[in-house]
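All remarks here apply to the structure that follows.
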2 protein chains.
Amino acid sequence: MAKTAEEIAQALNVSITTVRLVLTNKAEQYRISPATQKKVEDYVAEHGYTLNYTARSLRMKKTYTLGLVVPRLSNPFFAKLSEKLETRCRQEGYQLMTSCTYGDEAYENRLVKALEERNVDGIFIAPTSKKSQEHHVKHRKKPLVFLDRDFGSTLPNIAAIVTDNLDAGFTLTDAMLRQQPSPVHFFAGNPTLPTIVARMEGYRQAITSVEKRREDDLISCSPYDAIDDGELMMNAFIDRHGCTPKALIASSLTVMEGALFAVKNRLGAIPPEMNIGTFDEYVMLSFLTNSVWSMRQDKEALAANAFNAMEEQIAGRPKFGLQVCRATLMSPLS
Amino acid sequence: MAKTAEEIAQALNVSITTVRLVLTNKAEQYRISPATQKKVEDYVAEHGYTLNYTARSLRMKKTYTLGLVVPRLSNPFFAKLSEKLETRCRQEGYQLMTSCTYGDEAYENRLVKALEERNVDGIFIAPTSKKSQEHHVKHRKKPLVFLDRDFGSTLPNIAAIVTDNLDAGFTLTDAMLRQQPSPVHFFAGNPTLPTIVARMEGYRQAITSVEKRREDDLISCSPYDAIDDGELMMNAFIDRHGCTPKALIASSLTVMEGALFAVKNRLGAIPPEMNIGTFDEYVMLSFLTNSVWSMRQDKEALAANAFNAMEEQIAGRPKFGLQVCRATLMSPLS
DNA sequence: CTGAAAGCGCTAACAG
DNA sequence: CTGTTAGCGCTTTCAG
């Protein structure tokens with residue numbers, strides 16, 4: 001068991017201060033005699049010393065701990081994002097505490113409260129709804145950075161880092177239309193999410209230039225962004241049209257998984273001529289014989305920008321506003 | 001900003017203890033007068049109060065925080081596992097701090113040290129190597145539970161929760177052989193990992209009953225359990241045999257991803273007649289036209305057992321030893 | 001160069 | 001029923 005500074009001091013018959021000075025590498029600065037320095041160092045080398053962050057935090061009112069609240073880690077996008085963010089935080093000496101909301105507002109609020117009680121220095125949140133986002137800004141006692149989602153609250157002083165989903169939606173749709181001009185359908189899971197709204201809007205902008213059809217024929221919606229929703233939409237589609245879409249964009253990887261799952265169940269296989277477009281790429285999608293377009297979100301940049309925004313807020317010079325990261329098109333041709 | 005107990009006491013002209021008693025719901029027990037009780041409650045209702053866990057932790061020498069150290073969250077298995085574990089911890093009032101090692105021993109040790117400094121009450125680890133596992137048990141100052149991997153250290157008093165990988169390897173191989181008796185190949189990423197060793201051993205037991213071939217012809221190995229390794233093994237296989245395996249088991253989902261990626265790159269598509277077997281199932285794999293067998297690990301049970309083991313250690317009545325959870329076969333027929 | 005002391009907000013024990 | 005006190009291990013400030 002590593003000792004506390006006081007224990008070391010007693011064992012060595014020097015004052016606590018002296019010990020601390022060498023432990024915090026201020027020995028030179030305070031010109032501790034090399035002899036005592038060595039004494040302490042040797043003792044530590046043998047018995048070890050681990051700084052007690054709890055005590056330190058209490059005194060300094062700073063825990064070097066940050067919170068991250070995401071919908072679910074089983075979503076590969078959030079898994080990757082939190083991986084990146086954790087690495088970045090650690091580089092700067094911060095521990096990250098990650099929790100999942102499962103899309104439950106009330107639970108999300110409890111998570112945030114739990115993090116505040118733990119005196120985290122700040123919290124990253126991918127909020128579930130506009131309501132929950134506003135709840136957080138209204139009750140915030142800590143630096144707050146919204147990640148991936150910003151519901152465009154009317155409240156001021158919000159820092160949010162998101163992907164340029166409108167551009168992503170447009171670019172994706174446009175690329176698919178170049179390949180095959182016939183209808184490209186869109187399955188939207190939870191159309192209240194700003195990410196989805198933006199992607200749909202990009203889709204619309206690209207589609208209306210070539211297609212005059214009523215949107216109802218092209219866009220399916222489902223209340224949640226879960227695998228079941230993708231399944232439901234696909235089943236409804238097949239029931240109605242008697243076939244799978246010629247080309248399909250899903251609003252998220254999860255929805256695409258549900259949709260393809262339904263196809264596989266109904267038809268026994270995924271028709272290879274069905275063109276697929278999605279956000280949040282995942283290797284396995286490319287194993288299909290289908291042509292797959294996907295927008296790769298820049299998780300690295302999202303994490304880096306989010307951390308920077310957090311650091312600035314912690315330092316007391318917050319830079320509020322929306323920061324946008326671009327996604328890049330992964331096309332089946334390249 | 002929520003007040004501290006002392007601030008409330010001053011504002012209300014009662015003693016700190018009185019305030020704390022009602023805050024900790026011990027008002028009844030100590031028969032605080034309803035009047036003062038109400039006074040405090042009203043004040044809290046208006047101004048709020050958030051318990052300072054840092055101070056509490058310092059005093060109680062207990063943080064209600066646990067650490068989790070895994071190779072990477074971008075591995076869907078660990079993402080799901082940490083999701084389950086986080087939920088379970090929270091149910092019991094614990095916060096979980098998750099970090100990724102990226103398979104780096106030195107970094108892993110630093111992560112554990114960082115968690116100890118934060119005074120976590122215990123640490124879950126999926127260790128990178130036998131060496132790192134032994135390092136942790138040797139230097140442990142906290143309850144320790146190994147997750148998913150146990151290198152079978154000779155040191156005593158280890159608690160580990162793992163999947164029955166030998167059985168999983170056997171069951172998987174056996175099922176595939178029933179379908180198609182010709183050679184079933186095995187791609188092993190990082191054959192020093194106990195999970196992989198056990199899966200290979202299960203494979204061997206199943207295979208030797210029907211096949212007399214030299215193992216070299218059937219098993220490929222690569223030093224790491226990463227996507228590149230799967231790719232390398234597949235490329236080598238194709239170079240040597242001029243074709244893809246008739247049936248392939250990969251030691252992990254990651255390796256399978258790499259292998260299929262190589263196939264797709266070399267041949268333009270995954271030959272549909274290639275039978276696929278893997279551990280750690282993932283929906284998307286089932287979208288292939290290939291027959292896919294997979295062993296579904298019981299992440300729920302792993303998380304629950306790990307948490308229980310941790311709780312027992314924290315309570316001072318450790319139950320050491322290996323706890324095994326069974327995986328279930330997902331066959332293409334069902 | 002080294003030492004002493006205050007105090008972060010809480011819990012626990014004891015004193016009225 | 002309510003109040004006082006010590007002390008968790010650290011940082012910070014002031015005194016030698």
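Reminder, nothing fancy here: chain letters follow the sequence lines and each chain counts from 1.
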Counting only side-chain nitrogens and oxygens, does B/T54 get under 4.0 Å of the OP1 or OP2 atom of C/dG9? no

Send over the distance from A/I16 CD1 to D/dT11 P, rounded to a whole Å. 12 Å

Separation of atom CZ in A/R118 from atom P in C/dG9, rounded to whole Å: 18 Å

Where does the angle between the aromatic ring planes of A/Y53 and A/Y64 fall among parallel (under 30°), tilted (30 to 60°) and perpendicular (over 60°)? perpendicular

Using a cut-off of strictly less than 4.0 Å, decide whether B/Y53 has a side-chain nitrogen or oxygen near OP1 or OP2 of C/dT11. no

Residues in salt bridge (Lys or Arg N to Asp or Glu O under 4.0 Å) with A/K39, at least two apart? none

Could you tell me the separation between the CG atom of A/L51 and the C1' atom of D/dG9, rounded to a whole number of Å? 9 Å

Just to confirm, is there a sub-4.0 Å distance from OP1 or OP2 of D/dC10 to any side-chain nitrogen or oxygen of A/R20? yes

Strictly below 4.0 Å, N to O, side chains only: are B/E116 and B/K142 in salt-bridge contact? no

Within the distance-only criterion (no hydrogens, no angle test), does the side chain of B/Q95 pair as donor or acceptor with the backbone N or O of B/T65 below 3.5 angstrom? no

Rounded to whole Å, please give me the gap between CZ in B/R56 and P in C/dT11. 5 Å

A/H139 and A/N109: side chain donor to acceptor below 3.5 Å: no

Can you give me the N/O atom pairs linking the protein to nucleotides 4-8 of chain C at distances under 3.5 Å, or say none if there are none?
| from | atom 1 | to | atom 2 | distance (Å) |
| --- | --- | --- | --- | --- |
| C/dA4 | N7 | A/T17 | OG1 | 3.3 |
| C/dA4 | N6 | A/T17 | OG1 | 3.1 |
| C/dG7 | N2 | A/R59 | NH1 | 3.4 |
| C/dC8 | O3' | A/K61 | NZ | 2.9 |
| C/dC8 | O2 | A/R59 | N | 3.4 |

With A/K138 via salt bridge (Lys or Arg N to Asp or Glu O under 4.0 Å) - residues at least two apart: none

Here the distance between atom C1' of C/dG9 and atom CD of A/E117, to the nearest Å, is 14 Å

